[in-house]
Structure formats: C-alpha cells, structure tokens
Amino acid sequence: MCGIVGIVGRSPVNQALYDALLVLQHRGQDAAGIVTCDEDGHLHLRKDNGLVRDVFNQQHMRSLTGNMGIGHVRYPTAGSASSAEAQPFYVNSPYGITLGHNGNLTNAAELKRELFLQDRRHINTESDSEILLNILAQELIRQDGLSLTPEALFRAVSGVHRRCQGAYGVVAMFCGRGILGFRDPHGIRPVVYGRRETEEGTEYMVASESVALDTLGFELVRDLAPGEAIYIEMDGTVHLQQCVENPVLSPCIFEYVYFARPDSVMDDVVVHRARMRMGTRLGKKILREWPDHDIDVIIPIPDTGRTVAIEMAHELNVKYREGFIKNRYIGRTFIMPGQTQRRKSVRQKLNAIGLEFKGKNVLLVDDSIVRGTTSREIVMMAREAGARKVYFASAAPPVRYPNVYGIDMPAAQELIAHGRTEAEVCEAIAADRLIYQDLEDLMGAVRKGNPRLERFDCSVFTGEYVTRVSPDYLTHLEQRRNDLAKRKKDREYANLDLHNNA
C-alpha cells in the first residue's frame, strides 16, 4: 500500500507536494520522495526511508524547484525495506521519466526477464515499480516519431496494460513536458484527479485519495476509470483516454474497510458513510442471530473501529464508550520476534480505562482480524481491566487468503482464520463470542454509495483473484515474505546485541 501524488502548477509545487504526502501518510510510513521539474527541464529529487516530516528539511525543500512534480509515500510488501527502493524512480530514456506506483505486479518476474532478454534493460532493485517504469519507457520507445504526443503516451499505456498483470495506480512525470496518471484495467487501486483556480491560472492534481485534493483546495473532478489515463501538459492542457478494451471496475474492498481515510471519496463512495453502514449491518446481524444478547457496552479498538462501533451501538441500543486510550506519541514500534515482544508492542500503544470494563459484558469492535495476535492481546487487556465477558466483532469477514495486490499481509499460514472455523478463531483470540461481518453485507454497505459497483476484489476473504494469479506466484510471494521476515528478525537481533554490548 502506497500513496501517490502529482501536481502541474502555475507556481512552485514543492510545498503542495509535501502537504499532500502528509495527508497520504497513512498509506505508507517506510519511505517518502518528491521529484520536481524546473522550467529548464532539470529534475530535483529527494527521497529516503522514514516519515514525510523526517525525510524533508528546509534545505531539501528549497532545492525542489519547479512548477511540476510528483511524490510518493511507501510501505513495502514483498520487497526489501532499503532506501534504494524509495520512490519516485527515474529512467533517462526516453525523455526522462520519473514514476511512483501504488499496487503490485503479479507477473513481475516474467517482466524482469523480458526487459533483459528483449530490451537489455537492467533492473537495479527488487521493486516491481522499477519494472513498471521500464515497461512504460520501452513501450514509449516503440512509438513512432521523436515528439511526446498524447496519442503516443496513451498507446504506450495500452502496451503497459497488455503486459502488466496485477494492481497499479501510477503517476509519472516527463521532463519539461507533463504528468501522466493511469489506473489498472480493474481499478483495484484508487486514482483521482482534480483542479483549482489560482490568480496565475488552473492547476491540476492526480492523487491516490480525494482527501489530498480537499486539504489543498483542489476540487475533485472524478476518479480515473479502470484502464483510463490522464495526461496534463505543463501549460495545463488536459488529455483523457481509455487505454484498454472491456475494463471491469473491481476496487479493493479493503480500501473501504481500513486503508482509506474516512474523509476520502472513492469511486463515488464516501468512505465514512460506507463504514457507518458496515456498523449498521453488523448490528442487524447480531439482532438476527443473537437476539437475546447480553452486551452492556460497545467499545471500539482505535482508530478504524470507531465509526463501525458507534453505528452498532445505535442499532443495538447499547451504550457506546471509549475504553482504550491510544498513545499517539510513541511513533512506530518494531514488531520484535516472539510473543512477549508483540504483547509489549500492543501495550505500549493502548491502555485500558478500567472504569469502562469492570463488571461489564463488553463487545470490542475492530475493522478486521488478520494475524490475531493483537486481537488476542486486546481481549486479555479487557479481561485484566475487569470485564466479565469479552465479545469481539470484526467489520470484515474472516481474512483467510494472502493479498497479491499491494497490501502487506502475511502468508496464508500466518492468517489466524486460514484453515480455522470462526469458533476456532474465537477460541484462539480468547473471546467469549466472535461476530464477523458477512461478505454480502460488506459489499452491500459499500455498494449502497454507488450502485454501479457491481464487483469488488475480495480475494483476501474468498481466495478468488480478479486477475490471473498462478499457484507458483503465491508460493514465490510467500517465500519472499518469509525471507524478508527473516532478514528483519536478523537485523533486530543484531540491534539488540549492539544495544546490550554498548
């Protein structure tokens, strides 16, 4: 999961790009980058590991000159977490292209081989985003003529769609020419664009979420359709074209459950409203299947469970209370190997208010249950705070299968619901009762905001992927994630040794 932004402005865009990345920080906290282009066609790049506020200082911002630029915040999935994989990436031929990508290519290994054997292109990182950039570059080289026309660009994007499988929301900049944005043929990952009027003229922004436009005073025009591309020239001329035949809109439903900010609008669905409807439907399920429930109080697990919990409390006519206080100043904690360290991580971030738990039957509400480690620890915290019974509700159905489209989820065997019944998951997290959202209710809660959304990517719940995914790829992905986890553990052990020997 990553965040992308691109701006074609009438004045320097460095501050606007920085502000947009701050708003999109929830989509990636491992690395950030900005590249701008000045009026002489020179690129200015700053990227590194870390949060936006830590990657850029005043000197960096002064050096990012130009009225056009793109930005990226990154959270790694199956790749490494090295600074070499911070985006945007750059390739000098043709035209000088920089690119930021949100998503994941499921045929990256084949594409990498093709690029070397057919095009003699070397890929320097483990990032599929660098592969996508080189595919786009090679497709542009195949176009007739030396000039970069919108028609040539759109034909190149069509070539990308033919060759690349998986999910991708992309923003790319061409030195001294303009900015390109496009979305995969299934629209799995989101891309929106908007404009604002200034004294100097009209400015345009392409971004992952509408909230980036809102906070900078841009008017949301619309989402890009699946397979569609937008090209904005430096003078503000806008070109739009559908670049694939028979696109099928299948957005990732987890965007609405968890990833997107609640104040975003995605494919004409207000995310906050969708989450409210998830809570209402989950409440109705309890009334339908457990009419004689004995729930005394509903307590959300901060922060994404809050909206769902409020609506559940309203539907069930049960008290809603805030029972956990989140430490917002701890920063990111490393998930250390071993159960003890995981428990410590949760308890550093959350603390229970005993008054809200003591002697009560408590329903805890979260957006989803993935590994189950955090859920179990929070259930135990509620018991230690004096709860008589602890029930648990998930706004999402059981997560049973790995994600292949850019979400950092563990391998199947690490998912608590994989190979387990709901009763077995309930026992594993030490709850007295577990209530999962039904998949049809989840889809209905989102679709209510836009009836045209006939299909979603629900692969983490069903194991049915909207693009072609081979069993070999799933095995490969699992192995890469295992290798990455091992490297992380090795680094953490090494850091502990250094600390203990200091």
Side-chain angles (χ1 to χ4, degrees), residues 1-7 9 11-38 42-91 96-103 124-130 132-133 169-173 175 179 181 189 205-209 211-213 215-216 259 261 328-335 406 408 484 487-488 491-492 495:
M1 182 176 68
C2 300
I4 58 172
V5 60
I7 299 176
S11 59
V13 295
N14 51 355
Q15 187 64 52
L17 288 167
Y18 177 90
D19 293 342
L21 291 184
L22 283 178
V23 175
L24 296 173
Q25 185 76 86
H26 62 286
R27 300 191 68 87
Q29 299 88 46
D30 272 48
I34 291 174
V35 59
T36 58
C37 181
D38 63 27
H42 296 147
L43 294 176
H44 306 275
L45 171 66
R46 167 62 184 172
K47 62 178 182 177
D48 203 352
N49 281 2
L51 299 172
V52 174
R53 68 186 184 207
D54 299 322
V55 170
F56 304 98
N57 60 33
Q58 193 173 33
Q59 181 179 350
H60 300 137
M61 294 299 292
R62 280 199 299 263
S63 69
L64 293 170
T65 58
N67 296 354
M68 180 173 71
I70 65 174
H72 187 270
V73 287
R74 176 180 184 268
Y75 189 86
T77 51
S80 85
S82 74
S83 59
E85 297 196 3
Q87 297 183 38
F89 284 117
Y90 168 73
V91 67
I97 312 171
T98 57
L99 178 143
H101 163 221
N102 172 34
N124 196 51
T125 70
E126 294 299 313
S127 173
D128 59 344
S129 304
E130 188 187 7
L132 196 154
L133 168 61
V170 175
V171 62
M173 182 170 66
C175 296
I179 282 180
R189 299 269 75 90
M205 179 191 289
V206 179
S208 292
E209 294 186 33
V211 66
L213 280 67
T215 56
L216 274 77
F259 292 126
R261 272 184 43 154
R328 302 183 185 279
Y329 305 100
I330 192 172
R332 299 192 67 227
T333 56
F334 289 103
I335 303 301
D408 185 38
L484 177 59
R487 288 199 298 270
K488 279 186 175 180
R491 285 197 300 269
E492 288 158 1
N495 289 338

Novice: Can you give me the closest heavy-atom contact between Ala172 and Ile97, atom names plus distance?
Specialist: CB-CG2, 4.3 Å
Novice: Would you say Asp19 and Thr215 make side-chain contact, with heavy atoms under 4.5 Å?
Specialist: no
Novice: Checking side-chain hydrogen bond (donor to acceptor under 3.5 Å, both in side chains) against Arg74, which of Glu85, Gln87, His101 comes through?
Specialist: Glu85
Novice: At their closest point, which heavy atom of Asn49 faces which heavy atom of Ala31, and how far apart are they?
Specialist: OD1-CB, 3.7 Å
Novice: Is a donor on one side and an acceptor on the other found under 3.5 Å between the side chain of Lys47 and the backbone of Pro88?
Specialist: yes
Novice: Before accepting this row, confirm whether a basic side-chain N of the pair Glu209/Arg261 lies closer than 4.0 Å to the acidic partner's carboxylate O.
Specialist: no
Novice: Asn102 side chain to Cys2 main-chain N or O, any donor-acceptor pair under 3.5 Å?
Specialist: yes
Novice: Could you tell me if the side chain of Leu45 sits less than 4.5 Å from the side chain of Tyr90, heavy atoms only?
Specialist: no
Novice: Roughly how far, to the nearest 0.5 Å, is the NE2 atom of His72 from the CG atom of Leu24?
Specialist: 10.5 Å
Novice: Check side-chain contact (heavy atoms from CB on, under 4.5 Å) between Asn14 and all other residues, then give those that pass, not counting sequence neighbours.
Specialist: Pro12, Met61, Leu64
Novice: Report the C-alpha separation of Leu99 and Val170 in whole Å, then their side-chain angles, then the decisive distance to 0.1 Å, and conclude whether the side-chain contact (heavy atoms from CB on, under 4.5 Å) test is met.
Specialist: CA-CA 7 Å; Leu99 178 143; Val170 175; 3.5 Å; yes
Novice: Distance check, rounded to the nearest 0.5 Å: His60 atom NE2 versus His44 atom NE2?
Specialist: 14.5 Å
Novice: Would you say Arg46 and Ser63 make side-chain contact, with heavy atoms under 4.5 Å?
Specialist: no
Novice: Restricting to non-hydrogen atoms, name the atom on Phe259 and the atom on His26 that form the minimum distance, rounded to 0.1 Å.
Specialist: O-CD2, 3.0 Å
Novice: Just wondering, do Val5 and Leu17 contact through their side chains at under 4.5 Å, heavy atoms?
Specialist: yes
Novice: What are the two closest heavy atoms between Thr125 and Ala84, and how far apart are they?
Specialist: CG2-O, 3.7 Å
Novice: Going by the rule side-chain contact (heavy atoms from CB on, under 4.5 Å), which residues pair with Val52 if we only count those two or more places apart in sequence or in a different chain?
Specialist: Tyr18, Leu21, Leu22, Gln25, Ala32, Phe56, Val73
Novice: If every non-hydrogen atom of Asp128 is compared with every non-hydrogen atom of Gly103, which pair is closest and at what distance?
Specialist: OD2-O, 4.2 Å
Novice: Decide side-chain contact (heavy atoms from CB on, under 4.5 Å) for Ile179 and Val171; before the verdict, give the C-alpha distance in whole Å, the side-chain angles of both, and the deciding distance to 0.1 Å.
Specialist: CA-CA 7 Å; Ile179 282 180; Val171 62; 3.9 Å; yes
Novice: Measuring from Thr36:OG1 to Leu43:CG, what's the distance to the nearest 0.5 Å?
Specialist: 7.5 Å
Novice: Is the shortest heavy-atom distance from the side chain of Tyr75 to the side chain of Gln29 under 4.5 Å?
Specialist: yes
